[in-house]
Asks: 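Below is a structure I'd like to ask you about.
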Amino acid sequence: MTLESLEKTAAEGPPPESPATAGEPTLPEPPPSAEKRFLRYGMMPHMLCPGCGHGIVFEAMLRALSSRYEQLDDIAFVAGIGCSSRVVGYVDACTLHTTHGRPLTFATGLKLARPELKVVVVTGDGDGLSIGGNHLIHAARRNVDLTCVLFNNEIYGMTGGQLAPTTIPGAYTSTSPQGNAETPFDAARLVEAAGATYVARAQSYRTREFEEVFLQALDHRGFSFVEVMTDCTEYFGRTNRLGNGADLLFSQARVEPAIDADLAGRSTLQEVPPRPVRPVLEMGVLHESSRPTLDQAMKLSGAGS
Amino acid sequence: MLTQIEGSKAVAEAVGLCRPEVVCAYPISPQTHIIEAVGAMVKAGRLGSCQFINVESEFAAMSVSIGASAMGARAYTATASQGLLFMAEAVYNAAGLGLPIVMTVANRAIGAPINIWNDHSDAMSVRDSGWIQLFAETNQEAADLHILAFRLAEELSVPVMVCVDGFVLTHAVERVDLPEQDQVDRFLPPFEPRQVLDPDEPVTIGAMVGPEAFTEVRYLAHALQLQALARIPSLATEFAAAFGRRSGGLVRPYRMEDAETVVLALGSVLGTVKDAVDSLREAGHRLGVLGVTTFRPFPAAAIADALSSARRVVVIEKAFSIGGHGILGADVALALGRSGRDGPRVHDVVAGLGGRPITEASLRRMLAEASEGRLPDFTFLDLDRGLVERELRRMDATRRSGPSAENLLRDLGVASTRIG
């Protein structure tokens with residue numbers, strides 16, 4: 001659709017429906033692109049906000065999967081509660097929706113029952129690092145053979161923008177109206193220290209790099225962890241006056257002093273500069289090692305298979 | 001001060017007027033607006049030195065509250081649904097230790113299947129924990145009950161849970177008369193803890209107790225609830241004198257004179273029930289309403305007294321004991337059975353699960369059946385029997401019939417999730 005046609009519509013109202021479709025409600029045909037064949041169209045419209053980085057990451061996941069798989073029947077997606085976890089509802093695969101924070105425990109049970117399945121856990125910074133943080137370090141310690149993708153948008157999006165354990169110091173959320181006084185987790189380094197055997201970090205700004213590490217994580221035998229930085233436009237972006245979805249996306253690429261230096265000491269939201277400034281984070285593969293996985297240690301599957 | 005205010009904000013304002021010293025919570029719908037509003041009050045400097053802490057889970061929220069209360073601080077938290085279940089161990093712990101924490105529960109259903117809307121399954125799941133449980137009918141009462149809750153909790157050193165219907169009350173904007181600070185200060189004296197961790201007078205809180213005294217410790221908790229049963233009515237009278245309106249108390253009768261059929265319920269549904277009863281009375285049905293404000297301790301004698309001349313009781317409840325019966329209904333039947341009188345017949349009607357609207361039309365239909373003696377003992381309001389039967393047939397026909405909740409949604413055309 002062109003801008004011209006949009007303006008025409010705005011000025012003159014919608015064009016008359018063609019006789020072939022007038023009065024006939026029609027379901028949207030799935031577009032032919034490879035990644036979109038994995039979508040559950042019955043679940044549309046999705047619940048992500050305009051500009052949300054999760055949709056970008058989700059599309060990149062599907063694109064990566066479509067480069068590798070014809071169908072997803074041998075993959076089980078497990079998710080908890082939150083905006084990130086919700087995207088699993090849109091994948092046309094075996095999906096297990098769990099309670100808040102517990103996807104890694106459900107996934108551990110799933111993997112032990114069906115070691116031959118590829119298991120992908122989709123979690124968020126609230127789900128995976130806060131209420132489910134304990135399970136994250138233990139899944140890493142056990143080296144459970146699965147891939148955990150943690151969407152880090154630095155906030156609780158689904159409940160309306162509360163403080164998360166990843167919120168940048170000084171940032172405003174609905175439960176840190178004075179600015180966050182706490183130190184955030186470095187999720188990637190946390191799981192590495194806990195024993196994960198593949199750890200990478202990516203961002204919604206560079207989806208090709210995300211796809212690359214996501215595929216490596218899928219190939220990895222053992223607990224593979226991909227932290228992907230995404231943006232909550234509605235609550236984090238807006239509350240902190242950091243611009244729209246595009247502004248936030250570009251801010252991921254900028255190499256500037258951390259946001260905390262900028263926000264600290266500012267008493268009102270109005271004083272926050274309109275341009276977003278993000279901490280510089282190390283991207284790419286951060287750690288890779290090899291040791292027996294949980295199912296190997298329990299002799300559920302052949303070593304090294 | 002009269003104001004138009006969202007239920008959550010009215011609760012937050014009331015909590016703020018009670019001068020909490022530590023507030024700690026984890027976001028969960030439909031509670032979150034309450035804690036956000038308290039956070040904003042702390043930020044605005046309205047709560048003095050009150051400490052507001054974000055934690056990693058509800059389990060941590062209650063645990064922090066326990067620590068704060070054990071140090072003699074007035075502690076408050078709020079949660080709902082899965083959050084209340086997740087903190088259940090600490091909920092029992094707070095009651096077992098006799099720490100006067102006040103908690104709002106913005107009542108919401110429990111999954112699976114996940115459902116964010118209102119019913120009472122969450123509060124019912126911890127009804128045996130030793131917490132006092134009060135249910136608000138309106139936003140005015142939701143605000144008032146918190147002031148009463150702090151007073152009651154601290155007098156008896158028992159934790160109090162104020163149950164406020166999620167969305168129906170928490171997200172509804174209503175007219176609320178918010179008290180003035182000096183009124184609340186006169187009603188609620190500064191917290192004088194019965195037990196406090198103090199280096200000058202060291203004590204142990206939370207010691208292990210074996211069979212030699214555990215029964216007695218538990219009976220003591222029961223005795224405190226019995227004291228609350230005696231104290232709640234007089235406290236409601238004191239409240240009325242201090243604030244000029246009635247809130248709290250054990251039970252609240254409405255048009256009970258000459259009522260043959262009495263409807264008994266908890267929480268906000270009472271408003272719709274009263275409307276239904278008003279219109280049925282005009283049609284000649286002799287109906288009355290008994291609202292239960294205090295659910296734990298259970299006001300058995302007050303209920304049996306109020307129902308003494310009724311022929312039948314219809315208990316409407318937003319939760320039930322799966323495989324058993326209604327929860328409030330069973331308590332009412334027991335209260336009547338033990339009263340030694342030939343009591344009315346108790347009909348249990350489960351309604352409003354997971355946010356299904358309890359409409360006046362459905363209530364009128366059901367109550368007309370009841371007053372004509374045609375209502376079964378245990379029913380579900382507006383149950384779509386066809387939907388259930390279809391799934392039962394599917395389960396019979398195919399072993400791998402798939403997840404039922406998703407099947408039902410597909411039958412309703414709500415979602416088209418693929419199976420297998």
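Values below: all heavy atoms of this structure, side chains included; hydrogens, waters and symmetry mates excluded. Computed from a prediction, not measured in an experiment: that's the story for all the values here.
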Asks: Under a 4.5 Å heavy-atom cut-off, does chain A meet the side chain of B:Thr32, its backbone, both or neither?
Replies: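 Side chain only.
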
Asks: Give the intermediate values and the outcome of ring pair (Phe, Tyr, Trp, His ring centres under 6.0 Å) for residues B:His171 and B:Phe167.
Replies: CA-CA 5 Å; B:His171 287 54; B:Phe167 295 112; 4.6 Å; yes

Asks: Residues of residues 52-67 of chain B under 4.5 Å from chain A (heavy atom pairs)?
Replies: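 Residues in range: B:Phe52, B:Asn54, B:Val55, B:Glu56, B:Ser57, B:Glu58.
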
Asks: Please state whether the side chain, the backbone, both or neither of A:Thr99 comes within less than 4.5 Å of a heavy atom of chain B.
Replies: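 Contact with chain B involves the side chain of A:Thr99 alone.
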
Asks: Looking at B:Gln4, I'd like to know if its CD atom is crowded, meaning that more than 12 non-hydrogen atoms belonging to other residues, nucleotides or ligands lie closer than 6.0 Å.
Replies: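 Atom CD in B:Gln4 is packed in, count exceeds 12.
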
Asks: Given heavy-atom pairs under 4.5 angstrom as the criterion, report whether the side chain, backbone, both or neither of B:Ala40 touches chain A.
Replies: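 Just its backbone gets close to chain A.
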
Asks: Determine whether B:Arg108 and B:Gln82 make a side-chain contact, defined as any pair of heavy atoms from C-beta on separated by less than 4.5 Å.
Replies: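 When only atoms from C-beta onward are counted, B:Gln82 and B:Arg108 do touch, with a gap below 4.5 Å.
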
Asks: Report yes if the side chains of A:Phe77 and A:Cys94 come closer than 4.5 Å at any heavy-atom pair, otherwise no.
Replies: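 Side-chain contact under 4.5 Å: no.
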
Asks: Going by distance alone, is a donor N or O of one side chain under 3.5 Å from an acceptor N or O of the other, for B:Tyr76 and B:Thr104?
Replies: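 Present: a donor and an acceptor within the cut-off.
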
Asks: When you compare the side chains of A:Thr105 and A:Thr108, does any donor N or O come within less than 3.5 Å of an acceptor on the partner?
Replies: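 No pair is found: no donor N or O on one side chain lies under 3.5 Å from an acceptor on the other.
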
Asks: In the structure I gave you, are the side-chain heavy atoms of B:Asp128 and B:Tyr92 within less than 4.5 Å of one another anywhere?
Replies: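 Yes. Closest side-chain heavy atoms under 4.5 Å.
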
Asks: Distance only, no hydrogens: is a donor on one side chain within 3.5 Å (strictly under) of an acceptor on the other, for A:Gln162 and B:Glu36?
Replies: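 There is such a pair between these side chains.
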
Asks: With a strict 4.5 Å heavy-atom criterion, list every residue of residues 115-127 of chain B that contacts chain A, or say none.
Replies: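 When heavy atoms of chain A are the reference, residues 115-127 of chain B contributes no residue within the under-4.5 Å range.
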
Asks: Atom NZ of B:Lys43 and atom CD of A:Gln178: how far apart are they, to the nearest 0.5 Å?
Replies: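 Atom-to-atom, B:Lys43:NZ and A:Gln178:CD are 6.0 Å apart.
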
Asks: Say whether B:Ser404 and B:Glu391, considering side chains only, have a donor N or O and an acceptor N or O under 3.5 Å apart.
Replies: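 B:Glu391 and B:Ser404 do have a side-chain donor-acceptor pair below 3.5 Å.
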
Asks: Would you please go through residues 120-131 of chain A and name the residues with a non-hydrogen atom below 4.5 Å from one of chain B, in numerical order?
Replies: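 Under the 4.5 Å heavy-atom cut-off, A:Gly126, A:Ser130, A:Ile131 qualify.
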
Asks: Checking side-chain polar atoms at under 3.5 Å, does B:Glu6 have a donor or acceptor matched by the opposite partner on B:His33?
Replies: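 B:His33 and B:Glu6 do have a side-chain donor-acceptor pair below 3.5 Å.
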
Asks: Is there any residue in residues 8-23 of chain B with a non-hydrogen atom under 4.5 Å from a non-hydrogen atom of chain A, and which ones are they?
Replies: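 Within residues 8-23 of chain B, no residue comes under 4.5 Å of chain A, counting heavy atoms only.
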
Asks: Does any non-hydrogen side-chain atom of A:Phe225 lie less than 4.5 Å from one of A:Leu150?
Replies: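 A side-chain contact under 4.5 Å exists here.
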
Asks: With a 4.5 Å limit on heavy-atom distance, are the side chains of A:Leu163 and B:Tyr26 in contact?
Replies: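 Sidechains of B:Tyr26 and A:Leu163: no contact.
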
Asks: Does the distance from a Lys or Arg side-chain N to an Asp or Glu carboxylate O, for A:Arg37 and A:Asp92, drop under 4.0 Å?
Replies: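 No, this pair does not count.
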
Asks: Side chains of B:Thr77 and B:Ile35, heavy atoms from C-beta outward: is any pair under 4.5 Å?
Replies: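 No, too far: nothing below the 4.5 Å cut-off.
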
Asks: Less than 4.5 Å apart, side chain to side chain, heavy atoms only: is that true for A:Ile81 and B:Ile114?
Replies: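 When only atoms from C-beta onward are counted, B:Ile114 and A:Ile81 do touch, with a gap below 4.5 Å.
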
Asks: Answer with yes or no whether the side chains of B:Arg74 and B:Ser69 bring together a donor and an acceptor at under 3.5 Å.
Replies: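 No, B:Arg74 and B:Ser69 have no side-chain donor paired with an acceptor closer than 3.5 Å.
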
Asks: Of the non-hydrogen atoms in A:Ala107 and A:Val119, which two are nearest, and what is the gap between them?
Replies: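 What the structure gives for the nearest pair is CB-CG1, 3.9 Å.
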
